[in-house]
Amino acid sequence: MTKCLSFRNGRGLALLCALLGTLCETGSGQIRYSVSEEQDKGSFVGNIAKDLGLKPRELAERGVRIVSRGRTQFFSLNPRSGSLVTAERIDREELCAQIPLCLVKFNILVEDKLKIFEVEIEIKDINDNAPNFPTEELEIKIGELTVPGTRFPLKTAFDPDVGMNSLQNYKLSPNDYFSLAVNSVSEGAKYPELVLEQALDREKKEIHQLVLVASDGGDPVHSGNLHIQVIVLDANDNPPMFTQSEYRVSVWENVPVGTRLLTVNATDPDEGFNAQVSYILDKMPGKIAEIFHLNSVSGEVSILKNLDYEDAMFYEIKIEAQDGPGLLSRAKILLTVLDVNDNAPEITITSLTGSVPEEGTVGREIALIDVHDRDSGQNGQVAVFVLGNLPFKLEKSIDQYYRLVTATSLDREQMSEYNISLRASDGGSPPLSTETHIILNVIDINDNPPTFPHLSYSAYIPENNPRGASIFSVTAQDPDSNDNAHITYALTEDTLQGAPLSSYVSINSNTGVLYALRSFDYEQFRDLKLLVTASDSGNPPLSSNVSLNLFVLDQNDNAPEILYPAIPTDGSTGVELAPRSAEPGYLVTKVVAVDRDSGQNAWLSYHLLKASEPGLFAVGLHTGEVRTARALLDRDALKQSLVVAVQDHGQPPLSATVTLTVAVADRIPDILADLGSLEPSAKPNDSDLTLYLVVAVAAVSCVFLAFVIVLLALRLRRWHKSRLLQASGGGLASVPGSHFVGVDGVRAFLQTYSHEVSLTADSRKSHLIFPQPNYADTLISQESCEKSEHLLVTQDLLETKGDSNLLQQAPPNTDWRFSQAQRPGTSGSQNGDDTGTWPNNQFDTEMLQAMILASASEAADGSSTLGGGAGTMGLSARYGPQFTLQHVPDYRQNVYIPGSNATLTNAAGKRDGKAPAGGNGNKKKSGKKEKK
């Protein structure tokens with residue numbers, strides 16, 4: 001770099017000399033330097049000390065410095081060398097851009113002389129920049145129909161250098177379709193243009209790749225490249241084309257909504273917007289657009305609503321394919337709907353008869369029906385039939401019409417209403433069916449008479465019923481309806497005992513309840529036979545009859561009647577005889593009674609209510625036989641009075657009583673002598689005597705109770721001593737072992753006592769009897785049975801203790817005994833029983849009846865003697881006054897035998913020639929002795 005004063009011509013030189021002269025005079029001037037750009041920091045620019053006429057050391061002494069007005073200081077002074085150097089790297093393009101002459105001006109101040117020098121430095125350009133395009137790539141779109149010769153401006157390159165270092169020319173890479181034209185404008189700017197040399201064809205070559213090179217004039221030459229991509233734009237010269245002009249598709253009618261049926265496709269050889277194909281559904285008049293949907297982008301055809309083969313079997317769908325600018329082509333879709341069995345048969349009732357009379361003719365028309373199926377082919381073939389086992393059938397008419405007729409005669413009583421179910425099934429797979437119901441009423445006719453549930457009825461009514469009482473109710477059933485089933489009841493007229501039946505019984509005509517018009521008496525008649533008629537209200541009316549047996553039940557409304565002994569009519573008293581030698585069980589007499597009732601009400605039992613000598617006589621519970629309970633003693637009174645009650649088993653029970661007088665004597669003269677004193681006493685002292693007897697019995701019972709207590713105390717004391725003796729090793733030799741029973745060494749006294757007290761008017765003859773004690777759970781030996789312990793004896797017995805004959809019972813007088821055949825009732829046979837058991841077979845029943853009648857007959861015969869002949873009961877005149885059976889009704893049929901279903905009847909014809917059956921083998925003998 002050199003210092004210089006630059007002059008452009010001579011005129012300038014002359015001017016410069018003039019100025020220098022002036023500066024010399026004023027002490028100031030202008031200094032110019034030049035330096036290339038991009039020099040390193042500290043690079044030498046010029047010798048400023050020398051140009052100022054100073055030595056390097058004087059720069060600091062005289063205060064030489066650079067003065068600038070806020071600009072960047074690119075230069076600095078080197079005080080050591082006195083030169084001007086660069087303060088930093090200088091870029092001319094940044095500092096001056098495209099200005100051809102780049103100058104940097106600043107002032108230098110010399111402070112001691114206050115002189116200012118102007119310095120101007122020129123920055124020289126170097127070729128440090130290559131031409132550069134704004135972009136590295138440039139895309140140009142040219143339509144394939146563009147006319148050749150058309151120019152397309154290109155991007156301009158830029159070179160920040162100036163002069164020859166700046167952009168000088170452009171160059172295009174060689175090709176067949178394009179050339180480069182450079183246009184120069186003012187100030188030397190150059191603009192390249194791309195020129196189309198021949199027509200483009202996108203279908204042949206769609207893209208052309210070009211390179212534009214921009215170079216400068218420096219040394220070395222720098223250049224920049226621009227890559228140009230020429231895209232040949234498509235021209236819409238081809239419409240879209242479908243792959244098929246007709247699309248055929250078949251689809252089932254039951255496909256769900258949204259199902260894709262098919263996809264159409266159209267292609268366009270163009271590209272870009274010209275090749276953007278969209279699909280359009282031809283919205284012809286109809287419901288195509290409502291049923292089908294065409295995707296405008298993908299070409300998918302789908303359904304919007306359910307298909308129905310029955311509505312449409314075939315669809316012709318027209319579609320269009322259109323590109324961006326609007327060229328289009330057309331095609332069509334031929335869609336066939338396939339039938340599925342989705343429709344059940346339809347049953348239509350064209351004509352209907354709601355009711356028919358029963359027992360009508362076979363083939364009577366009830367309804368006319370129409371059967372139809374909307375499906376086709378096999379799916380539309382329908383078969384119809386009647387469900388269930390009903391008396392109806394279907395007959396084919398024309399087309400799909402059927403007639404519903406009766407197959408058999410109808411009976412309303414079996415079925416009054418029919419619910420006829422018709423089912424129609426098609427031939428699809430699976431088959432579909434439809435059911436319909438027809439209600440048919442059967443009209444009733446009066447073809448059934450009233451019927452009773454039973455062939456006959458039996459009713460029971462107790463006697464003595466109140467008038468108007470309801471007896472029985474009969475009900476008849478009529479299977480008909482309405483008036484044909486309205487039943488009225490009536491009784492068939494008849495007579496009973498000369499009176500019309502309607503005076504006994506009436507019937508409610510509506511309800512069938514029978515009422516009693518009078519009170520019935522079992523003893524008058526026992527049953528009624530009625531005939532009840534039930535009639536309906538049909539036209540003509542029908543009726544039926546049923547028999548009713550009305551049985552009158554017996555009630556206990558009759559008290560027992562005592563046949564023997566009969567009540568005397570002359571005021572006398574009947575007397576029964578009993579010898580003093582009679583053994584226990586001796587038959588004294590027999591009370592015979594009957595009851596007009598029957599069954600249990602006629603079952604009689606006999607009881608001894610009162611006796612002047614208690615314990616002396618006993619009465620059979622069922623036989624009525626009066627027997628001695630013990631042997632007669634001398635102290636027993638000659639006259640014994642007995643009150644016997646006869647009671648039935650009705651509810652409530654009824655009874656009757658009879659008083660018997662028994663004369664006790666060894667000889668008949670004794671009896672005859674005392675007959676005058678046997679009259680019944682009606683004195684009031686009798687009742688006083690009874691009171692005395694009761695008081696005496698109570699007193700004796702108290703004494704006996706005290707005695708038993710004392711005896712128990714003594715027994716307990718003995719037992720206590722025996723326990724002490726046993727503890728000391730002693731035995732109980734004095735006490736029989738049978739009197740005790742022991743468990744684990746403990747023995748209890750088990751002896752029990754019973755006593756019988758007999759009181760009479762004579763207190764000296766009253767006595768207390770202690771029978772042989774019984775030991776529970778102990779076998780009694782023979783010795784113990786024969787041994788007697790008299791704990792208490794009467795005074796009379798103590799006085800006669802030494803006489804052994806008095807202690808022995810005298811043998812009975814045979815004159816006073818009756819044979820078994822002569823005894824009344826069942827005692828004459830082996831069937832008698834002291835316990836009063838009833839006969840248990842037919843023969844005993846007949847024997848009892850015969851004996852009752854015989855007893856009554858002999859009691860009525862006044863000439864009978866004690867020793868009656870054969871064929872009699874042996875009853876004497878002591879049984880009372882005359883008694884005949886003519887005045888006694890036959891009550892044999894009323895005798896009830898417990899344990900047997902037989903009653904006493906007149907079986908004389910059956911008994912002829914037959915011997916009576918023997919008695920029971922387990923009966924006790926009446927002559928058994930009773931031990932005192």
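Scope of the values below: all heavy atoms of this structure, side chains included, with no hydrogens, waters or symmetry mates. Everything quoted here is computed from the prediction, not taken from an experiment.
Interatomic distance, CG of N464 versus CD of Q555, reported as 5.0 Å (0.5 Å rounding). With values rounded to the nearest 0.5 angstrom, D480 atom CG is found 7.5 Å from L542 atom CG. The structure places OG of S473 at 8.0 Å from CG of L514, a figure rounded to the nearest 0.5 Å. One distance of note links OG of S598 with CZ of R526; it measures 5.5 Å at 0.5 Å rounding. Note that CG of L501 and CG of D494 are 6.0 Å apart. Values are rounded to the nearest 0.5 Å. Residue S581 holds its OG atom at 8.0 Å from CG of L632, rounded to the nearest 0.5 Å.
Pairing each heavy atom of Y606 with each of G620, the nearest pair is CB-O, 3.3 Å. Shortest non-hydrogen contact noted between A534 and A476 is CB-CB, 3.8 Å. Between G615 and A629, the shortest heavy-atom distance links the atoms O-CB, 3.3 Å. Residues A559 and S655 come closest through the heavy atom pair CB-O, 4.2 Å. Residue S458 comes nearest to F472 through the heavy atom pair O-CE1, 4.3 Å, listed as atom of the first residue, atom of the second, then distance. Minimum interatomic distance between V575 and A663 (heavy atoms only, all atoms of both residues): CG1-CB, 3.6 Å.
Between the side chains of Q640 and S612, at least one donor N or O lies within less than 3.5 Å of an accepting N or O. Using modelled atom types and a 3.5 Å distance limit, the side chains of Y457 and S547 yield no donor-acceptor pair. Counted by atom type alone, H454 and S456 present zero donor-acceptor pairs between their side chains at under 3.5 Å. Between the side chains of T533 and N545, a donor-acceptor pair is found at a separation under 3.5 Å. Side-chain contact, N601 with D648: no donor N or O sits under 3.5 Å from an acceptor N or O. In summary, the side chains of N484 and D536 do not present any donor paired with an acceptor at a separation below 3.5 Å, with no hydrogens or angles considered.
Looking at heavy atoms from C-beta onward, L553 lies out of side-chain contact with I461 at the 4.5 angstrom threshold. Contact check for S503 versus R518: side-chain heavy atoms found under the 4.5 Å cut-off. Considering only heavy atoms from C-beta on, N448 comes within 4.5 Å of D478 through its side chain. Considering only heavy atoms from C-beta on, Y522 stays 4.5 Å or farther from P462 through its side chain. Between L660 and P565 the shortest side-chain heavy-atom distance falls below 4.5 Å. You'll find the side chain of E523 reaches within 4.5 Å of the side chain of D557, heavy atoms only. Between L616 and T628 the shortest side-chain heavy-atom distance does not fall below 4.5 Å. By the 4.5 Å heavy-atom criterion applied to side chains, L604 and H649 are not counted as neighbours.
At distances below 3.5 Å, at least one donor-acceptor pair connects side-chain atoms of N556 with backbone N or O atoms of P652. A donor-acceptor pair under 3.5 Å links the side-chain atoms of S605 to the main chain of Q647, judged by distance alone. Side-chain atoms of S535 never come within 3.5 Å of backbone atoms of T488 as a donor-acceptor pair (strictly under, hydrogens ignored).
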Kindly indicate, with the supporting measurements, whether the criterion side chain to side chain contact (heavy atoms under 4.5 Å, CB included) is fulfilled by L609 and T657. CA-CA 9 Å; L609 292 183; T657 59; 3.8 Å; yes
For E561 and D595, what are the C-alpha separation, side-chain angles and deciding distance, and is it a side chain to side chain contact (heavy atoms under 4.5 Å, CB included)? CA-CA 6 Å; E561 297 181 8; D595 197 319; over 6 Å; no
Begin from the C-alpha positions of V646 and H607 and carry the test side chain to side chain contact (heavy atoms under 4.5 Å, CB included) through to its verdict. CA-CA 7 Å; V646 182; H607 307 276; over 6 Å; no
CA sep, side-chain torsions, deciding dist, call: E463, Q524, side chain to side chain contact (heavy atoms under 4.5 Å, CB included): CA-CA 10 Å; E463 62 175 333; Q524 292 183 1; over 6 Å; no
One pair to check against salt bridge (Lys or Arg N to Asp or Glu O under 4.0 Å): R630 and D636. What are the steps and the verdict? CA-CA 11 Å; R630 60 177 176 80; D636 294 332; 3.2 Å; yes
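For the side-chain contact (heavy atoms from CB on, under 4.5 Å) with V546, the lone residue among L531, V532, L455 that qualifies is V532. Considering L608, V662, V619 in turn, V619 is the only one that fulfils the side-chain contact (heavy atoms from CB on, under 4.5 Å) rule with V626.
The aromatic ring centroids of Y504 and F525 lie less than 6.0 Å from each other.
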